[in-house]
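Side chains included, hydrogens not; waters and symmetry mates left out as well; all remaining heavy atoms used. Note that ligands are numbered from 1 as they come in the structure, with each ligand's atoms numbered from 1 the same way.
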Amino acid sequence: MRILITGGAGFIGSHLCERLLGEGNEVLCLDNFFTGRRENIIHLLDNPRFELLRHDVTEPILLEVDQIYNLACPASPVHYQYNPVKTVKTSVMGAINMLGLAKRVRARILQASTSEVYGDPLVHPQQEEYWGNVNPIGLRSCYDEGKRLAETLMADYHRQNNVDIRIARIFNTYGPRMLEDDGRVVSNFIVQALRGEALTLYGEGQQTRSFCYVEDLLEGLIRLMNTDDQHQPVNLGNPGEFTIKQLAEEVMKIVGADTGFKYLPLPEDDPRQRKPDITRAQQILGWNPTIPLHEGLVKTVEFFRNRQQNALAS
Ligand code: NAD
Ligand code: UDP
């Protein structure tokens with residue numbers, strides 16, 4: 001199959017490129033390199049079934065493809081708040097352009113949506129039927145509302161034009177290739193612990209998140225894409241729920257550093273709790289995450305340690 005991955009040079013996208021190439025597909029990786037890095041996909045460039053396109057999804061493009069994974073969008077609060085108007089454009093115009101392409105070439109399209117569509121949830125754990133509790137005008141709104149509108153566009157292109165859509169609501173995902181200065185909690189804590197610095201806890205660190213290892217997520221995304229007639233949103237995440245302080249303690253234990261905590265103010269609209277109900281993914285995809293937090297963190301710490309050592313050596 002010929003598969004387009006927008007945001008293919010990013011954290012999740014680069015793993016997806018690798019995996020789909022490994023399964024024998026032709027992969028077109030489209031990215032504007034805002035948070036994506038050439039080093040994430042450099043090892044794929046020699047593969048004759050791999051093609052790299054420097055392009056911005058806010059601009060239309062015509063390509064012949066069978067499937068589209070629409071992942072283009074900065075995912076970390078630091079990056080999506082850097083230029084919030086651009087973040088909205090990326091989600092909304094990106095979805096319109098990719099849906100237009102899907103309609104024209106009759107490709108199936110999967111939208112990378114997010115648990116952020118539930119906002120600061122009043123229902124716990126979050127099921128797909130929950131409509132969410134999102135501030136429309138806050139600092140996080142450019143991302144949350146952008147993704148909500150991308151879902152709306154997917155649903156309307158399906159109803160109006162019969163485009164074959166998939167919507168994955170991805171919960172916090174981590175693993176190798178996250179950026180050091182990404183600002184997301186897993187990479188922040190690992191980098192701080194490896195540098196011997198105190199770990200930055202926002203608020204009291206009592207807010208919760210559920211962390212999914214990237215390999216598990218890929219399996220869910222690929223199953224969702226390749227299961228027929230599933231046009232409803234599907235939560236993909238690991239239901240193991242931890243406070244941010246528990247995560248910090250686990251990272252320190254794995255790194256072997258006891259650097260303590262530095263308490264900083266809780267960012268505006270920071271969700272207090274988050275945990276996916278994955279019944280739908282279990283039932284329709286037969287999918288379950290298999291990598292517990294400890295095991296995934298060990299692999300991620302190893303990646304960051306190697307990257308740090310390579311940087312010191314060069
Ligand atoms: P990332 O920032 O590493 O990847 C995003 C990629 O999109 C980057 O390569 C970036 O350069 C590219 N991009 C951004 N704007 C673009 C534009 N206008 N045109 C073309 N390319 C553009 O983030 P990630 O964690 O790999 O996230 C990938 C997708 O999954 C995003 O859509 C994100 O919203 C979604 N998601 C991720 C998580 C998570 O925990 N990692 C959770 C929920 C949803
Ligand atoms: N967080 C933290 N310290 C950090 C970075 C993040 O305590 O150095 C907290 C943040 O306030 C949030 C949680 O960790 O409650 C997850 O943050 P992240 O940005 O990774 O993801 P999101 O908030 O988008 O789920």
### Query
Should Tyr213 and Tyr174 be marked as a ring pair (Phe, Tyr, Trp, His ring centres under 6.0 Å) after you check the CA-CA gap, both sets of side-chain angles, and the distance that decides it?
CA-CA 5 Å; Tyr213 190 65; Tyr174 69 100; 5.6 Å; yes
### Task
Determine the sole option in Glu129, Gln127, Arg169 for which the side chain to side chain contact (heavy atoms under 4.5 Å, CB included) test with Arg280 is passed.
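The option that passes is Glu129.
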### Message
So, using ring pair (Phe, Tyr, Trp, His ring centres under 6.0 Å) as the criterion, who are the partners of Tyr143 when residues are at least two apart?
### Response
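Tyr143: ring pair (Phe, Tyr, Trp, His ring centres under 6.0 Å) contacts with Tyr80.
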### Task
Run through ligand 1 for me and note each protein residue having a heavy atom under 4.0 Å from it, chain first, then residue number.
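The 4.0 Å shell around ligand 1 contains Gly7, Ala9, Gly10, Phe11, Ile12, Asp31, Asn32, Phe33, Phe34, Thr35, Gly36, His55, Asp56, Val57, Leu71, Ala72, Cys73, Pro74, Ala75, Lys86, Thr90, Ala112, Ser113, Thr114, Tyr143, Lys147, Ile170, Asn172, Thr173, Arg184.
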### Query
Between the side chains of Gln81 and His79, is a donor N or O closer than 3.5 angstrom to an acceptor N or O?
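Note: Gln81 and His79 side chains miss the donor-acceptor criterion.
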### Task
Examine the side chains of His15 and Asn40 and answer whether a donor and an acceptor come within less than 3.5 Å of each other.
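Checked: His15/Asn40 side chains show no N/O donor-acceptor pair below 3.5 Å.
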### Query
Has the side chain of Ser141 got a donor or acceptor atom that lies under 3.5 Å from a matching backbone atom of Asn135?
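Yes.
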### Charged N-O contact under 4.0 Å between Asp31 and Arg54
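Here Asp31 does not pair with Arg54 in a salt bridge, since their nearest N and O are not under 4.0 Å apart.
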### Query
Do Lys147 and Glu151 meet the salt-bridge criterion of a basic N to acidic O distance under 4.0 Å?
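Salt bridge flag = no for Lys147 with Glu151.
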Do any nitrogen or oxygen atoms of ligand 2 lie under 3.5 Å from a protein nitrogen or oxygen, and which ones?
from, atom 1, to, atom 2, distance (Å)
ligand 2, 3 (N), Thr200, O, 2.6
ligand 2, 7 (O), Tyr202, N, 2.9
ligand 2, 8 (O), Asn188, ND2, 2.8
ligand 2, 8 (O), Thr200, O, 3.3
ligand 2, 8 (O), Thr200, OG1, 2.8
ligand 2, 8 (O), Tyr202, OH, 3.4
ligand 2, 11 (O), Gln207, NE2, 3.4
ligand 2, 11 (O), Asp270, OD2, 2.7
ligand 2, 15 (O), Gln207, NE2, 3.0
ligand 2, 15 (O), Arg209, NH2, 3.3
ligand 2, 15 (O), Asp270, OD1, 2.5
ligand 2, 15 (O), Asp270, OD2, 3.4
ligand 2, 20 (O), Val185, N, 2.8
ligand 2, 21 (O), Asn172, ND2, 3.3
ligand 2, 23 (O), Arg140, NH2, 3.1
ligand 2, 23 (O), Arg209, NH2, 3.1
ligand 2, 24 (O), Glu116, OE2, 2.9
ligand 2, 24 (O), Arg140, NH2, 3.1
ligand 2, 25 (O), Asn172, ND2, 2.9
ligand 2, 25 (O), Arg209, NE, 2.8
ligand 2, 25 (O), Arg274, NH1, 2.8

If you look only at distance, which donor and acceptor atoms sit under 3.5 Å apart when one is on a side chain in residues 293-303 and the other is two or more places apart or in another chain?
from, atom 1, to, atom 2, distance (Å)
His294, ND1, Glu250, OE2, 2.7
Thr300, OG1, Gly296, O, 2.7

